[in-house]
Amino acid sequence: MSDTEDTLNGGRVYDPEADHAFPDEKLNEVLPALLEDEEVTTLLEAQNVNAVTRKGYNDHGPKHIEIVLNRALRLYDLLKAGGCEFNGAAEQGLDEADEAVIIALAAQLHDIGHIVHRDNHAYYSIPLASDVLDRFLPEFYDLADTVRIKAEVLHAILCHHREEDPLTLEAGVIRVADALDMERGRSRIPYEKGGRGINTLSSRAINNVVLKPGDESAVLVEIEMVNAAGVYQVDNLLKAKLDGSGLEDHVRIVAVNTKSDDRLVERIEL
């Protein structure tokens with residue numbers, strides 16, 4: 001698959017000029033400012049120190065956030081095209097256009113609690129993100145809508161880990177998108193540097209992840225594995241985060257082992 005095809009089919013980069021299945025004007029107003037915000041970009045760099053430098057875990061910095069943001073927006077777009085009705089913004093009396101803003105903000109800020117500690121970082125992200133949102137949102141929303149947007153963003157941030165169940169589809173998108181950063185060496189399951197355990201082996205087994213419209217569901221996640229160890233990632237990471245996300249009936253996962261001399265597992269569907 002060429003880079004162009006992968007971008008089109010996998011939605012690796014959000015394109016504000018592309019046609020979307022959702023009203024994108026508000027997102028396209030907010031997103032450039034978010035991506036250029038000095039405090040946010042500094043937080044994304046700083047959050048990697050505890051995770052990688054001190055704990056020896058995999059990347060949780062700007063690259064991870066870039067991947068999660070783009071895959072969250074791709075996932076949201078496909079779900080909207082498939083007719084899924086989101087409830088987070090709607091139940092707050094917000095506009096449909098605010099759904100994508102909630103998702104983008106939550107994706108960008110979900111891991112900033114790492115600057116406090118890797119352990120329980122989702123809970124530390126809440127006060128930090130709250131401060132950022134109090135400063136950032138009034139540029140685009142009045143006071144009442146700032147409070148409502150903030151409430152939904154914080155809920156989505158908290159629920160990106162499995163300890164808390166998402167109560168909105170917006171939060172479910174963030175939880176699943178976080179797990180979709182799982183290609184070679186990028187698993188969300190911590191791996192042992194230089195080790196040969198299942199976490200390390202499986203983290204290097206996923207070659208490619210593509211999101212596309214499904215025939216039997218709104219979204220088809222196609223995963224290309226290069227050995228059977230990738231099943232551990234699919235089942236213990238992605239499937240585990242999909243369960244309880246609210247998206248179970250809308251997302252289908254297919255993982256294919258493409259290595260010709262390793263047929264222990266050829267294909268799994270979830």
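Atom set for the values below is all heavy atoms of this structure, side chains included, hydrogens, waters and symmetry mates excluded. All values derive from a computational prediction rather than experimental measurement.
Under the 4.5 Å side-chain criterion, counting only non-hydrogen atoms from C-beta, Leu35 is in contact with Gln108. With a 4.5 Å cut-off on side-chain heavy atoms, Tyr124 and Ile112 do not count as touching. Side-chain contact between Thr53 and Asn48: absent, with no pair of heavy atoms (C-beta onward) separated by less than 4.5 Å. At a threshold of 4.5 Å between non-hydrogen side-chain atoms, the residues Phe140 and Ile149 do not count as touching. At least one side-chain heavy atom of His155 sits less than 4.5 Å from a side-chain heavy atom of Thr168. Residues Leu169 and Asn87 meet the side-chain proximity criterion, which asks for heavy atoms closer than 4.5 Å. In this structure, the side chains of Val221 and Leu238 come closer than 4.5 Å at one or more pairs of heavy atoms.
Of all heavy-atom pairs spanning Ile174 and Ala107, the tightest one is CD1-N, 3.6 Å. Contact record, Val173 with Leu75: O-CD2, 3.9 Å, taken as the closest heavy-atom pair. Looking at every heavy atom in both residues, Ser245 comes nearest to Leu247 through OG-N, 3.0 Å. Pairing each heavy atom of Leu154 with each of Ala129, the nearest pair is CD2-CB, 3.9 Å. Nearest heavy-atom pair across Asn208 and Val210 is ND2-CG2, 3.4 Å. Listed here is the closest heavy atom pair of Ala89 and Glu170: N-OE2, 3.0 Å.
Judged by distance alone, with hydrogens and angles left aside, the side-chain atoms of Lys26 form no donor-acceptor pair with the main-chain N or O of Ala100 at under 3.5 Å. For the pair Arg71 (side chain) and Leu180 (backbone), a donor-acceptor distance under 3.5 Å is present. Side-chain atoms of Glu183 come within 3.5 Å of backbone atoms of Val209 as a donor-acceptor pair (strictly under, hydrogens ignored). Here the side chain of Asp235 pairs no donor or acceptor atom with the backbone of Val231 at under 3.5 angstrom. A donor-acceptor pair under 3.5 Å links the side-chain atoms of Asp37 to the main chain of Glu39, judged by distance alone. Distance alone, capped at 3.5 Å, places no donor-acceptor pair between the Ser130 side chain and the Ile126 backbone. Checking side-chain atoms of Glu248 against main-chain N and O of Gly246 turns up a donor-acceptor pair under 3.5 Å. Side-chain atoms of Asp98 come within 3.5 Å of backbone atoms of Asp95 as a donor-acceptor pair (strictly under, hydrogens ignored).
Taking the charged nitrogens against the carboxylate oxygens, Lys63 and Glu45 have no contact shorter than 4.0 Å, which rules out a salt bridge. Classification of Arg135 and Asp131 as a salt-bridged pair fails, no side-chain N sitting under 4.0 Å from a carboxylate O. Ion pairing between Lys241 and Asp178 holds under the 4.0 Å rule for side-chain N and carboxylate O.
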Should His250 and Cys84 be marked as a side chain to side chain contact (heavy atoms under 4.5 Å, CB included) after you check the CA-CA gap, both sets of side-chain angles, and the distance that decides it?
CA-CA 8 Å; His250 308 297; Cys84 296; 3.4 Å; yes
Derivation and outcome, side chain to side chain contact (heavy atoms under 4.5 Å, CB included), residues Val219 and Leu79:
CA-CA 7 Å; Val219 183; Leu79 289 165; 3.8 Å; yes
Decide side chain to side chain donor-acceptor pair (under 3.5 Å) for Asn50 and His117; before the verdict, give the C-alpha distance in whole Å, the side-chain angles of both, and the deciding distance to 0.1 Å.
CA-CA 6 Å; Asn50 277 334; His117 205 288; over 6 Å; no
From CA spacing to verdict: side chain to side chain contact (heavy atoms under 4.5 Å, CB included), Val226, Ile206
CA-CA 6 Å; Val226 295; Ile206 306 298; over 6 Å; no
Does the pair Val153 and Leu133 meet the rule for a side chain to side chain contact (heavy atoms under 4.5 Å, CB included), with working shown?
CA-CA 9 Å; Val153 172; Leu133 294 169; 3.8 Å; yes
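Taking hydrophobic clusters as Ile, Leu, Val, Met, Phe, Trp and Tyr residues chained together by side-chain heavy-atom distances below 4.5 Å, Val147 does not share a cluster with Ile157. Side-chain heavy atoms closer than 4.5 Å link hydrophobic residues (I, L, V, M, F, W, Y) into clusters, and following such links, even through other members, never connects Leu109 to Val49. Under a hydrophobic clustering in which Ile, Leu, Val, Met, Phe, Trp and Tyr are joined whenever their side-chain heavy atoms come within less than 4.5 Å, directly or via other members, Val256 and Leu220 fall into the same cluster. Linking ILVMFWY side-chain heavy atoms closer than 4.5 Å, directly or via other members, places Leu158 and Val68 in two distinct hydrophobic clusters.
Ring-plane geometry between Phe22 and His20 is classed as parallel, the angle between the planes falling under 30 degrees on a 0 to 90 degree scale with a further cut at 60.
Checked against the 6.0 Å centroid threshold, His64 and His110 count as a close aromatic pair. If you look at His160 and His121, their ring centroids are closer than 6.0 Å.
Within the model, atoms CG of Leu105 and CG of Leu69 stand 9.5 Å from one another, a figure rounded to the nearest 0.5 Å. Distance check, rounded to the nearest 0.5 Å: CG of Leu43 to CD1 of Ile65 gives 10.5 Å. Distance check, rounded to the nearest 0.5 Å: CG of Leu211 to CZ of Arg12 gives 9.0 Å. To the nearest 0.5 Å, the span separating CE on Met182 from CD1 on Ile223 amounts to 4.5 Å. Atoms CG and CG, from Leu27 and Leu73 in turn, are 5.5 Å apart once rounded to the nearest 0.5 Å. Note that CD of Glu99 and CG of Leu94 are 9.5 Å apart. Values are rounded to the nearest 0.5 Å.
Remark: Lys150 is not positioned above the aromatic ring of Phe136, lacking an NZ or CZ atom under 6.0 angstrom from the ring centre and at most 45 degrees off the axis.
In this structure, a donor-acceptor pair under 3.5 Å is absent between the side chains of His161 and Arg175. Counting only N and O atoms by type, the side chains of Asp77 and Tyr14 include no donor and acceptor under 3.5 Å apart.
The number of heavy-atom neighbours closer than 6.0 Å to CD of Glu38, taken from other residues, nucleotides and ligands shown, is 12 or below.
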